There are 2 protein chains.
Amino acid sequence: MSKTAIDIQRAANVLKLLGDKTRLTMIKILDNHDACVCEFVEIFKTSQPAISQHVRKLKDAGLVRETRRGQWIIYSLNKDSEYFPLVKDLLLHLPNQDFRLKELEEQGLRISCE
Amino acid sequence: MSKTAIDIQRAANVLKLLGDKTRLTMIKILDNHDACVCEFVEIFKTSQPAISQHVRKLKDAGLVRETRRGQWIIYSLNKDSEYFPLVKDLLLHLPNQDFRLKELEEQGLRISCE
DNA sequence: CCTTTATATAACTATTCGCTTATATAATAA
DNA sequence: TTATTATATAAGCGAATAGTTATATAAAGG
């Protein structure tokens, strides 16, 4: 066990959060780029409340942070989370999701949040 | 992304499986020692069917293997699983669980399965 | 053979989960 | 101010989850 070992109950809670395709993809995207709710709505082709509820869970667990910028709220990975090293290691095993933001840009939907 | 990147949907399924304290602890234990259902029943102080259902999920996902030895069925980590590298990295962040098997030995319950 | 031990499976139940719709809040723009 | 855009929250619903009890299978020992 390493010095930064995480209590197994709390680790399970984090893994449960990441055990959802939408949230896991969100985190993988946020690993490279900050994003707002409206972008996720476009990317996942789902409703705004559904996205808000997903990001809220990630925020409640301390995995992401929010920053208001005008009328938008920008979400980013919380690098200070005790879970951040675990999450980072996890993400290494997942395919890059940058193409999703690229698709948004091509549709002119990315700039809407900047 | 690495060459061994795992489809994000399937990774989410695996993380959901591991997002349960009992199953996550099982996997952490199996990382160091094979074990049978009856040992897990003692360790987790829960019913035999509950344990059987947990190991079945892990087996169905290919994370563990079973080997019958007499009347016991011994479970072990499946190192050939495509998810094994991911799981291994994960486990590095969790506290060692050897004390659980040690407790069994002290109670004389470990040998019952060997 | 019958009994015991280990494990699996089926049916049921309570809880949790992720979505929906409707509504509220907050910032911006006209 | 009023309208628009972005986001959050609440309530409700159907599906999935993890446990329970009861029963089935399978090996070992008498």
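If you're wondering where the values come from, they're calculated on a predicted model, not measured in any experiment. Lettering of chains follows the sequences in order, A, B, ..., and the numbering in each one begins at 1.
OP1 or OP2 of C:dC19 lies within a sub-4.0 Å distance of a side-chain N or O belonging to A:H54. Applying the 4.0 Å criterion to OP1 and OP2 of D:dA6, one finds that A:Y75 has every side-chain N and O outside that range. Put simply, B:T46 has no side-chain N or O that comes within less than 4.0 Å of OP1 or OP2 on D:dA18. Between A:R56 and D:dT9 there is a side-chain polar atom (N or O) within less than 4.0 angstrom of OP1 or OP2. Phosphate proximity of D:dA18 to B:S47: absent, as no side-chain N or O sits under 4.0 Å from OP1 or OP2. For C:dA27, the OP1/OP2 oxygens have no side-chain nitrogen or oxygen of A:R69 closer than 4.0 Å.
The separation between B:K45 atom NZ and D:dA18 atom P is 21 Å, rounded to whole Å. With rounding to whole Å, A:K21 atom NZ is found 16 Å from C:dC19 atom C1'. In this structure, B:F44 places its CZ atom 15 Å from C1' of D:dG19, rounding to the nearest Å. Per the geometry, CD belonging to A:Q71 stands 14 Å off C1' belonging to C:dA30, to the nearest Å. Atom CG of A:L15 and atom P of D:dT17 are 16 Å apart (whole Å). Between the C1' atom of C:dC17 and the CG atom of A:D20 lies a distance of 9 Å, rounded to the nearest Å.
When side chains are defined from C-beta on, B:I29 counts as touching B:F40, because their heavy atoms get closer than 4.5 Å.
Around atom NZ of A:K102, no more than 12 heavy atoms belonging to other residues, nucleotides or ligands sit under 6.0 Å away.
You won't find any donor-acceptor pair under 3.5 Å spanning the side chain of B:Q48 and the base of C:dT5, going by distance alone.
To the nearest 0.5 Å, atom CZ of residue A:R23 and atom NE2 of residue A:H54 are 5.5 Å apart.
Note on A:K16: only backbone sugar-phosphate atoms sit closer than 4.0 angstrom, heavy atoms only; bases stay farther off.
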